[in-house]
Amino acid sequence: MRARLALLLLGTLLLAVVFLRAGLTRGFIDSLFSDQPARAVQLRVWDWWSAASNEEYGRYFDAVEQTFEARNPDVNVVYQVVPFGNYVQKLSTAMVGDTPPDVFQSSVYWAEGFYHRGMLRPLNDLLAENERASPPERVTEEMFLPPAWRHNRAQDGTVFGVPQIIDAECLIWNLDILEREAAHDDAIRDLFVRREDNSIDYAHLRFDALTSWDHFRSVTRKLTRRRADGALEQAGFVINGYGGGAGMFSPWLSSNGGRYQDAAGTRATFAGEAGVEAMRFLARLYWEDRVCPPFRRQITDAELFQEGKVACMVAGTWSGKDIMRNTLGWKHFSKTAFPPGPLGDGQKTVTWGNMLVISRRCEQVDAAWRYVQFVCGLEGNLLRSRILGYNGPRLDFYRTEQWHRAMAERPYLANVKNICLAGEKLRHTEIIAVNHQVNPIIETVLLRFPRIEAGKGPYPSIEAALQEAERNANGVFRRYNKQVARWLEKRGEG
Amino acid sequence: MRCLAPYLYIAPVFAVTIVFSFVAMGISLVASVYHYDAFAGASEFAGLENYRRALFADDSTFWLSLRNTAFYSAMCLVGVLLTALPLALLCQRARRFQALFRTLYFLPSITPGVILALVFYHIFGVWGQLLDTAWTSLPALALLGVWSGAGYNMVIFLAGLSEIPPQFYEAAQIDGAGRAQQFRHITVPLLRNTLVFVMVMTIIGSFQVFTSVYIMTGGGPERSTEVIAYTIFINAFAVAGQMGYASALAWLLFAVVFVFVLIQMRIFRSRRIYDE
């Protein structure tokens, strides 16, 4: 009997420790010991960014919460972390279960879908009122870089989100490697910025350093080094062969004057001449120019780049801070947009702006909107820049002293604004479903390019492969648009 | 009251099973004939449209994923039989540390699938990039399936082996039968029911393989590891309004597994092996 009692006590103690450690009882305990009066409004905020990710995110969320709550004594902000991969399911479940968050960060991957489902509150009335706010707190369209204000509005002009960040795909260059090559190669030296005294600034690449795909090809060939036995010592470029798919293909398509889909999400448009050329260009870099390391599933592009084995990789503009963290402070790298292809016109990429949105079922719209204004206003942008290393989607952000200081401390930020501005709209309709149809085909083209070109592959040609991918993507769009019509009909808006 | 007591004992589990298995199955059957969206609920009657699309549409991956699943299951079945039964025979003969061996071999069965998948993801990367080519990735996943299932099935076989009366072996030895003959004429026939159980459970389990695919390959490369459970998951949870279609896929999977198991049961139908 005594042993059982001891076991029971031990079990209870263990459970209590787990609950306490997991924070499940934190609110209850805080309420017991707090001498502050309870706040009238509890604002539930969902995000896939997590204070638990690392110290910086912890500090960021603390700073936002403390500053916002100090200015809004009636509001208690409660953050809930939802993993990126489960966001749609969790949010749908919360909506159906009538427990949605009041405000949440939405990726451009889902924002359009959430809006079509009727989950998001249109913000046009709040934005109209916000026109009168002073510029740092104003979050209307004219305050933002144009590419940031694309994914947050429907075709009919309804705005359903306010951009919190801006990102773009870019080419990231290892300047250690480039500087070494520049010592004996004029063409590589020309990629760098020249100071007023005509000396070379080895910390900065010119935004338009790469003038064409051929130029890119020649540079990456020069940067590729092989040992005497033919083994790759240093690669000029890296291509993600497994699962990179449309994400890797889109910026090249864009730089060749093509678009992945139309604005309405009714038609895929990537299998035209521009797309075929982009696909062939990438495959040739790997198979004919041999400037890339072998396709490997288990080794990411970023790992190879950070180990100094690759001179250039494709990544988001956001990735600079991650590279710095993973390499313990190395920052001798630089970013450029994608050079124009044969059908392209100028430097291009794809850009997106993840946003804060207000749930349609939010009952404390005023508090939610105050939160959106704060986080998406200039102050929120500066907080993210200072603590997390993000650049902001706002125009006034780039005029601040803090941004100029950040660029001086981390020269890789120099081209970021121009890269974001050079971006076409990232694909946005039913991305996961479209990826499921398109990515395996792009993967096959990359892995079996020589056989396809020889007429012995699983597709008779690159054109045929991309046409099949486009057909399948159009099938997804067709079904999705039917589904949207059903949602509208159900809400009586059809 | 005495008659009622047993029913009361099983009532809680029965209720949970009814609600979370049979009611859920019923809902999915209904969903399969609708254009069903998890967010908005059923919206339009589709009849057999979802089934037709799964079976005949150009962009359907049902047949491809079914083929992959069938290959995976066949490899797992053969692998499990070739590892679990010999392990059980060896374990049975071990005079010392039998419990230790049993525990060690059983460990993978109680390790979370996600962890196994992550560990093997890196192991396969070191071993010649098994996940990088279309023709090695599915066998690599099956290898993981066999490895993680061998211990569990070994314990089942051990239980079956312990049921075989030792007198049969003694009589056979007196008659001059060798080890191989004993195995063929005594062990295999008397292990028939256990074999059927292991085969049925392996087939059912391997037709539902998901975790390793989701974690390790995402269905690639070139769709070579896209199995039916993965296709169902993508359509149900990652595509807007396709819950009905995903339900139809799930019922087609059910039909396939049902037929397989039925055939197995027919072939291995229990009969008296030796009169006692």
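Just so it is clear, the values below take in all heavy atoms, side chains as well, and ignore hydrogens, waters and symmetry mates. Throughout, a chain's letter reflects where its sequence line sits, starting with A, and its residues are numbered from 1.
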Side-chain donor or acceptor of Q261(A) paired with backbone N/O of H428(A) under 3.5 Å: yes
Backbone of P100(A) reached by a side-chain donor or acceptor of R44(A) within 3.5 Å: yes
Proximity breakdown for E430(A) and chain B, heavy-atom pairs closer than 4.5 Å: side chain
Leading residue by heavy atom contact count with chain B [cutoff under 4.5 Å; candidates R486(A), M95(A), Q89(A)]: R486(A)
Side-chain (H151(A)) to main-chain (M355(A)) donor-acceptor, under 3.5 angstrom: no
Portion of A134(B) that has a non-hydrogen atom of chain A nearer than 4.5 angstrom: side chain
Parallel, tilted or perpendicular: rings of Y286(A) and F295(A) (30°, 60°): parallel
Close contacts, residues 11-32 of chain B versus chain A, judged by heavy atoms under 4.5 Å: none
Interface residues of residues 216-227 of chain B facing chain A - non-hydrogen atoms under 4.5 Å apart: M216(B), T217(B), G220(B), P221(B), E222(B), R223(B), E226(B)
Between H116(A), K482(A), R117(A), the one whose heavy-atom pairs under 4.5 Å with chain B are most numerous: R117(A)
Top of V239(B), L131(B), D58(B), D132(B) for chain A proximity - count of heavy-atom pairs under 4.5 angstrom: D132(B)
Donor-acceptor pair, side chain of T158(A) and main chain of R153(A), under 3.5 angstrom: no
Under 3.5 Å donor-acceptor, W287(A) side chain and R448(A) backbone: no
Which portion of Q298(A) sits near chain B, non-hydrogen atoms under 4.5 angstrom: both
Pair R471(A)-Q467(A), side-chain donor/acceptor within less than 3.5 Å: no
Candidate pair I110(B) and Y152(B), rule side-chain contact (heavy atoms from CB on, under 4.5 Å), full reasoning: CA-CA 9 Å; I110(B) 55 166; Y152(B) 172 80; over 6 Å; no
Donor-acceptor under 3.5 Å (T300(A) side chain, E303(A) main chain): yes
Donor-acceptor pair, side chain of R360(A) and main chain of G118(A), under 3.5 angstrom: yes
N/O donor-acceptor pair under 3.5 Å between N472(A) side chain and D59(B) backbone: no
Verdict with supporting geometry, E112(A) and R427(A), salt bridge (charged side-chain N to carboxylate O under 4.0 Å, His left out): CA-CA 11 Å; E112(A) 185 180 281; R427(A) 63 204 197 284; over 6 Å; no
